[in-house]
Amino acid sequence: MKLVLSGNEAAAYGAMLARAEVISAYPITPQTKIVEKIADLIADGRFKTEFIKVESEHSAMAACISASLVGARTFTATSSQGLLLMHEMLHWASGSRTPVVMVNINRAVAPPWSVWADQTDSIAQRDTGWIQYYCESCQEVVDTIMQAYRVCEDPRVLLPAMLSEDAFFLSHTSEIVDLPPQEELDAFLGTYEPDVRLDIDNPRSFGSLSMPHQWYPEFRYKIQEGMEHAVEAIERVDREYGSLFGRSYGGLLDLYRCEDADTVIVAAGSMCSTIRAAIEELRSEGVKVGMARIRVFRPFPTEAFRALAKDVRSLVVLDRSFSMGSEGAFFSEVKAALYPLSDRPDVRGFAVGIGGRDITIETIRSIITDSLRPDTGITAQKWVGLRRCEE
Amino acid sequence: MNEKTWKEIPIGGLILDAGNAAEYHTGDWRTERPVHILDKCKHCMFCWICCPDSAVIVKDKKMVGIDYDYCKGCGICKDVCPFDAIEMTIEGTED
Ligand code: SF4
Ligand code: SF4
């Protein structure tokens with residue numbers, strides 16, 4: 001079935017098609033429409049789920065973790081300040097090994113107040129033990145929710161995942177979305193059956209204490225083991241989804257026109273569609289440029305970057321976030337991934353689109369022109385379009 | 001302590017056997033030890049009421065001693081005893 005859906009509506013449909021059994025979410029701009037659409041689908045009798053109303057995002061995540069421990073498939077959605085309020089519970093979700101799936105609308109963090117696109121909110125959750133997907137289209141939102149449940153509920157992974165969509169550019173932009181038949185999705189997903197669950201007839205202890213000499217490092221190491229398994233699971237599930245439904249997204253790193261590229265742009269989120277258009281223009285002018293879209297940021301696509309680096313002269317990394325006192329996380333992590341290689345491409349970094357500032361084809365072209373200049377000695381990350389008095 | 005490796009333990013900080021907290025001897029944390037002096041004790045039960053770790057042992061309405069598996073050595077029993085029938089000593093020394 002094909003429908004015209006915004007990124008927010010796609011998230012609600014994704015939760016319904018995945019048959020999420022318990023949903024707890026708190027509304028926040030620009031995610032509100034997800035919660036409203038879920039309420040509509042429930043009111044219309046189309047979506048059988050338990051919707052738990054809560055007073056905050058912190059409670060929403062607590063409700064999802066508890067429901068997941070019982071063995072329910074759970075879903076939530078948030079954005080920006082709401083995601084930040086969840087931070088403590090995000091660690092609890094991954095530490096408790098609950099496969100909660102959440103959609104986060106990437107919105108700038110205050111102050112100053114801004115509801116526009118910026119990835120600082122989710123990048124700031126980098127170390128919470130969550131799998132992180134970044135979506136480029138409304139179609140990818142639906143498809144990735146399906147894939148995420150399969151990956152997260154894999155007994156070798158058992159970790160939560162957040163899917164990010166850029167505020168407004170994706171959350172409020174409508175496009176045709178193909179929804180696969182429910183029976184086929186049911187067969188693809190199965191049901192969530194944890195080995196150990198919260199069960200009054202078979203009591204266990206959850207959320208216990210560990211002294212330094214006991215098991216703390218061992219429990220934490222097991223989370224890393226789950227992340228290592230997630231690399232394989234994300235690739236495998238994406239391929240399987242592609243063979244069943246005709247759409248796959250390159251696993252962790254989505255490569256576009258990289259085969260003969262000298263320069264490859266690295267980016268994530270909605271700006272990647274603009275980058276594709278810019279690449280078409282540049283290619284027609286003879287510039288051999290491609291794109292490596294970071295579809296999954298955690299686990300980091302280290303091996304995929306190393307494989308790509310073999311044939312590429314330079315990588316141009318675009319961050320829609322910035323780590324104050326350092327540089328954009330993508331820029332840092334791409335360089336770190338390539339460090340062990342003896343023959344590394346040149347890596348240049350640009351902070352772009354901060355706080356929703358528009359990224360046009362012209363923006364991308366100017367970045368490429370800038371980075372193609374030989375021997376500029378650029379190593380620090382440049383803030384693109386920053387109004388400077390010297391300019 | 002059981003030296004299982006990271007591969008042998010369950011995930012998620014789970015404890016699979018329910019109600020096994022009793023196997024964990026929190027008395028190990030004690031740095032000071034209360035010593036009960038039976039001769040001075042009037043079995044008033046003040047210490048039994050006040051002990052936060054339920055470590056005062058009572059049999060047939062008599063205070064008969066302290067359960068060192070769970071006594072954390074806080075000294076509350078010594079403070080509340082009206083008859084100086086409990087003394088604190090440094091753990092690891094002779095009484
Ligand atoms: S408070 Fe003192 S006198 Fe009373 S029961 Fe305890 S040890 Fe005995
Ligand atoms: S020292 Fe504290 S824990 Fe130990 S018996 Fe006295 S009151 Fe209880």
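None of these values were measured; they are calculated from a predicted model. So that the names make sense, note that chain A is the first sequence line, chain B the second, and so on, each numbered from 1.
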Checking A:Ser210 against chain B: side chain, backbone, both or neither under 4.5 Å from a heavy atom?
neither
Any salt bridge between A:Asp186 and A:Arg19, counting N to O under 4.0 Å?
yes
Applying salt bridge (Lys or Arg N to Asp or Glu O under 4.0 Å), can you list everything that pairs with B:Lys78, at least two apart in sequence or on another chain?
none
Is it true that A:Gln132 and A:Tyr134 share a donor-acceptor pair across their side chains at a distance under 3.5 Å?
yes
Is the OH atom of B:Tyr24 crowded by more than 12 outside heavy atoms at less than 6.0 Å?
yes
Do A:Gln119 and A:Ser122 pair up side chain to side chain, a donor and an acceptor below 3.5 Å, judged on atom types alone?
no
Measuring heavy-atom distances to chain B, does A:Leu158 have an atom under 4.5 Å in its side chain, in its backbone, in both, or in neither?
side chain
Close approach to chain B in residues 187-206 of chain A, criterion heavy atom under 4.5 Å:
A:Val196, A:Pro203, A:Arg204, A:Ser205, A:Phe206
Are any non-hydrogen side-chain atoms of A:Phe51 and A:Val35 less than 4.5 angstrom apart?
yes
With a 6.0 Å cut-off (strictly less than), is the heavy-atom count around NZ of A:Lys53, excluding the residue itself, greater than 12?
no
